[in-house]
4 protein chains.
Amino acid sequence: MNKVPFKGIIAYPVTPFDYHERVDIPLFKTQVERLVTCGSHGVAPLGSTGVLPYLNDEEKESITEATIQQVAGRVPTLVGVSNLTTDKTIYHAQFAEKAGATAVMIIPMSYWKLTDDEIVAHYDAVASKISIPIMAYNNPATSGVDMSTGLLKKLLMIPNVTMIKESSGDIQRMHILKNELGDDVAFFNGSNPLALGAFAAGAQGWCTAAPNLIPELNMSLYQAVLENDFQKAQEIFYKQVDLLRFIVDKGLPRSIKSGLNLLGFEGGELRRPLMPLAESEIAALNSILTGLHAGVEA
Amino acid sequence: MNKVPFKGIIAYPVTPFDYHERVDIPLFKTQVERLVTCGSHGVAPLGSTGVLPYLNDEEKESITEATIQQVAGRVPTLVGVSNLTTDKTIYHAQFAEKAGATAVMIIPMSYWKLTDDEIVAHYDAVASKISIPIMAYNNPATSGVDMSTGLLKKLLMIPNVTMIKESSGDIQRMHILKNELGDDVAFFNGSNPLALGAFAAGAQGWCTAAPNLIPELNMSLYQAVLENDFQKAQEIFYKQVDLLRFIVDKGLPRSIKSGLNLLGFEGGELRRPLMPLAESEIAALNSILTGLHAGVEA
Amino acid sequence: MNKVPFKGIIAYPVTPFDYHERVDIPLFKTQVERLVTCGSHGVAPLGSTGVLPYLNDEEKESITEATIQQVAGRVPTLVGVSNLTTDKTIYHAQFAEKAGATAVMIIPMSYWKLTDDEIVAHYDAVASKISIPIMAYNNPATSGVDMSTGLLKKLLMIPNVTMIKESSGDIQRMHILKNELGDDVAFFNGSNPLALGAFAAGAQGWCTAAPNLIPELNMSLYQAVLENDFQKAQEIFYKQVDLLRFIVDKGLPRSIKSGLNLLGFEGGELRRPLMPLAESEIAALNSILTGLHAGVEA
Amino acid sequence: MNKVPFKGIIAYPVTPFDYHERVDIPLFKTQVERLVTCGSHGVAPLGSTGVLPYLNDEEKESITEATIQQVAGRVPTLVGVSNLTTDKTIYHAQFAEKAGATAVMIIPMSYWKLTDDEIVAHYDAVASKISIPIMAYNNPATSGVDMSTGLLKKLLMIPNVTMIKESSGDIQRMHILKNELGDDVAFFNGSNPLALGAFAAGAQGWCTAAPNLIPELNMSLYQAVLENDFQKAQEIFYKQVDLLRFIVDKGLPRSIKSGLNLLGFEGGELRRPLMPLAESEIAALNSILTGLHAGVEA
């Protein structure tokens, strides 16, 4: 087992629907293909961007299989298998492993705020049933639970919990993670507008839906970091920060789909209650994208 | 259609599981029976207390049917049918209506923060498919969305959205609701520790899991309110407030099940990741319950 | 020493300035006189309403003396003596005692967040230098420190700290105070929009600037509470809640002064940076006041 | 007027007291001298670190004069002149200018939450009375007001408001400032634990009390930034981040004074209610400092 099979830009596809709110697998494969060919260092289906919680079991399985088929080993895959119950999480983690996923990502979804003991037991139960690595994902805004550094430490003692994705939006968390967990802990940034600060803090990668819209800017930011070029990284980051903030503020599925349409690609439909961006929001997004692509060409 | 078929104490049963994490319908019926015979003015299965989001479709249907059979029309029933997607919410709302529910309760569950337009469209879509009343439920802590008074006003313009359950924990919301929506808007309190303040503010009822443990204190608080006896209401409220705060702090399913066991009833098991209260917590709960029941007898 | 010399409505005067931003003592006395003659059960100068922190030492002393002269023993006086440093707090507390104040109010002002030990030592140092009672005031929004129930317990062990004013805006604090500190702890409500809930919770009094504008409604709410008439209290409360919320939202000094002017009294000027309400805000306040006074007469 | 006379590390001295809580000017000068000789690029007395709000007018004036005498033009000086009232802020700003300060720093202190109009009028009134540059300081935790980017834009239209110090702790604010205000806006970081991220985001300098304890680490971080060496900056930052977090968590005056004592310098006393760190806190600080200085030598 490669304990940390990811680095760089891990791209998150959306899950497109057709007009009857059915998952559109062919369109999904097209979108995944774009993410691979544009240079992403990994592909991560069934994340928040992929509206994981709005899908039923069969749909999740189709998306998992479609991803692995389409990626075809060109880059590693990170499949989201989070579920409110432990049993269902185990079920989907095992499905992903069998289907050939490189690793799985798990956020401790909660309706009732979970205790630390419940969270450890949850990860432990899932980890004991699979042999591929697990990325533990902290995002209090969507999970309702903010995992402390102390709790993350405990999770990292489970042998195949080897990576952490931090999306609390607080850069200090990464400092504490790195200082308390040692240099070899692999943490990934999941907060788009913090991309620059997170790389400065030592993040090994950036989990992001932005490559659906601006892959060159995302890849070149990472390239500048690899080249240890602070000023270039800053310059590239400031070109994209308005877009990064927009897609987070308006919600990733809605804004990525609108953005794809604006760029001339097919974005697909949403599943209710999610609705398309309003006209004024689409105009704002268009203005940002137009500015960016002009800037990139220049 | 009786637009507001509830008043007083609306009791929330837990959903008990057996040792294999399967829903235990016979035990559930026993627990519902206790809630009816102790004098509750309504029964509300599949709420947060009933761990709605942890159940699959078949389980939700069994619980709905079991409730309606057991209650057998003695009091009105309020069935939780909330779901992340609009289609599934419609599905369960229709099921509940066919099964004979008096009304349904809907909270705008969200993973991606919903816009006001998305929420209105969600309720509208469900409401148009059923003819029983809907209680709109605001609880930002569990839904991730805090519905403003302005939004609630819009929801109340949908003909069968006739009731509001407020659980934001801010008593001022009820003042604004009553002042802006007029005297005839029926709002219910869903925040246990605010029970007294909410009745003072004019709440028509109290949605609570507490009757599983202390039905006499819950019913007599409401009785004092009906009798316009401020001082008696205050005295009765202060007897129960520690318990009310405990069950909220520790989570309703976990604490109600432990409390049932402590009182000599069968509480049933939980579904993972939820785990029983720790020993020290059970001891604290026991101490509160012992004090209360001594106090009630005295 | 009467340990708890207050009950009912404790009225807070503003500190009026002239056009040169000098304190206007004659106008202040006129305003205090109105508060006494309208039936307030106590008068409390140099609170937040009285812009205590914007005044220099001499101005505070003049206001203290003017209050005590004007009230002339008709009701008890509660003088604000809070200061960032312990030495200055002692200084003003001693001045108030010598001038004849019935009691002093102290909030733990902080620039640097104080520890519990620092707060206890602060109250202890002041209390040891005076022999009149102290009301400890919790208002995290203005002091920057939220005193826990545990800390308030410690403060109440200091012999002349005998009263608590709670303005955190969370009604549950009052429940905890009463349940943990026993029936004889005297707590006062300082959050205007919570007036009804606080009386329901057992508050002994209401610290409020509202009697500057709507004394009859404030007094009659307390009267209904004394008469144990829940329904009447609710009805009277709902008449005034919009005004209570307005004066809190817009700031007490600014809104009370505008309100006085609207009612035909002289409100006085503000000291910069505080500026008068905007025209649209004054119109909104006028609309609320007009509605109220129509309602009162009817 | 040099509109932006600062860059790099702007060092904040504490205000030391003697055993009678009197300001100790000779000790203050010794501490300022250390900050200059260790290579700081500016000195900023009467900030939060210097317990500005706990000092009376005469004390502020002595500190201002002592700083300017001791620094003697070797580096620029930035004098804190913030006050709750506009008149007093003008008074101290004029005093600082006459005494020879390079610039003044102003935070919109508030007791009553100020409106945007009040804040603009406040800065405008002060700015019109002096001719040296003003650094507008945003720190909601101490001022009680969070100035939006829109408001900061308005302040920057006042001719001598030329610099912004951002201490909200949210790195995204700096992104927005830079993107909305243009490349030539000079913003400074005031949040110690964000030092690395802020330089990555383009901050022109770092306002910090840390040079009292670890000047070499602070200066060398800035040096690495100037050299465009990402990896070196990260390495140097991680050496100091635990100390940076400690001094913020425990309060700058208390922790800097204890740290000075631990390093063998004289820290001076505090003014009540501020009290020295507890023994266990001093031990923790000692452990951090010992580790750091070992690390620096190695």
Side-chain angles (χ1 to χ4, degrees), chain B residues 149 166-185 187 189 191-204 221-246 248-249 287-288 291-292 295, chain C residues 149 166-185 187 189 191-204 221-246 248-249 287-288 291-292 295:
Chain B
T149 316
E166 237 295 313
S167 294
S168 68
D170 179 7
I171 204 100
Q172 291 199 50
R173 290 295 183 87
M174 297 184 188
H175 302 154
I176 300 175
L177 278 176
K178 193 170 168 93
N179 253 22
E180 293 204 5
L181 301 180
D183 272 346
D184 46 320
V185 65
F187 67 90
N189 171 45
S191 175
N192 283 304
L194 293 187
L196 178 62
F199 278 129
Q204 176 139 357
L221 173 60
Y222 181 62
Q223 193 54 38
V225 171
L226 287 183
E227 291 165 6
N228 194 30
D229 192 337
F230 222 81
Q231 286 164 8
K232 192 172 163 194
Q234 187 187 110
E235 188 190 330
I236 294 170
F237 174 70
Y238 271 107
K239 281 187 184 154
Q240 60 193 293
V241 68
D242 283 347
L243 181 80
L244 298 177
R245 214 164 37 234
F246 183 94
V248 170
D249 286 352
S287 157
I288 293 174
L292 275 178
Chain C
T149 316
E166 236 295 313
S167 294
S168 69
D170 178 7
I171 203 101
Q172 291 199 49
R173 288 298 181 86
M174 297 184 187
H175 301 154
I176 301 176
L177 278 176
K178 194 171 166 93
N179 252 23
E180 292 204 6
L181 300 181
D183 271 346
D184 46 321
V185 65
F187 67 90
N189 171 45
S191 175
N192 284 303
L194 293 188
L196 178 63
F199 278 130
Q204 177 140 355
L221 173 59
Y222 180 62
Q223 193 56 37
V225 171
L226 287 183
E227 291 165 6
N228 194 30
D229 192 337
F230 222 82
Q231 286 163 10
K232 192 172 165 194
Q234 188 186 109
E235 189 189 330
I236 295 170
F237 174 71
Y238 271 107
K239 280 187 185 155
Q240 61 193 292
V241 68
D242 282 347
L243 180 81
L244 298 177
R245 213 163 37 233
F246 183 93
V248 170
D249 286 352
S287 158
I288 293 173
L292 276 179

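It should be emphasised that the depicted structure is a prediction, and the values quoted were computed from it without experimental measurement. Numbered from 1 within each chain, the chains take letters A, B, ... in sequence-line order.
In terms of heavy-atom pairs under 4.5 Å with chain B, the best-connected choice from C/Pro193, C/Gly197, C/Ala200 is C/Ala200.
Two residues are said to be in side-chain contact when any heavy atoms from C-beta on lie closer than 4.5 Å; C/Lys178 and B/Val241 fail this criterion.
The distance from atom CD1 of C/Ile176 to atom CZ of B/Arg245, rounded to the nearest 0.5 Å, is 4.0 Å.
With a 4.5 angstrom heavy-atom cutoff, B/Ala233 touches chain C only via side-chain atoms.
What you find for B/Phe230 and C/Phe230 is that their closest heavy atoms are CD1-CD1, 2.6 Å. Of all non-hydrogen atoms in C/Asn228 and B/Gln231, the two that sit nearest each other are OD1-N, 2.8 Å. Residues C/Tyr238 and B/Asn179 share a closest heavy-atom pair of CD2-OD1, 3.1 Å.
Tested against B/Gln172, the residues C/Leu194, C/Val248, C/Leu244 include a single side-chain contact (heavy atoms from CB on, under 4.5 Å) partner, C/Leu194.
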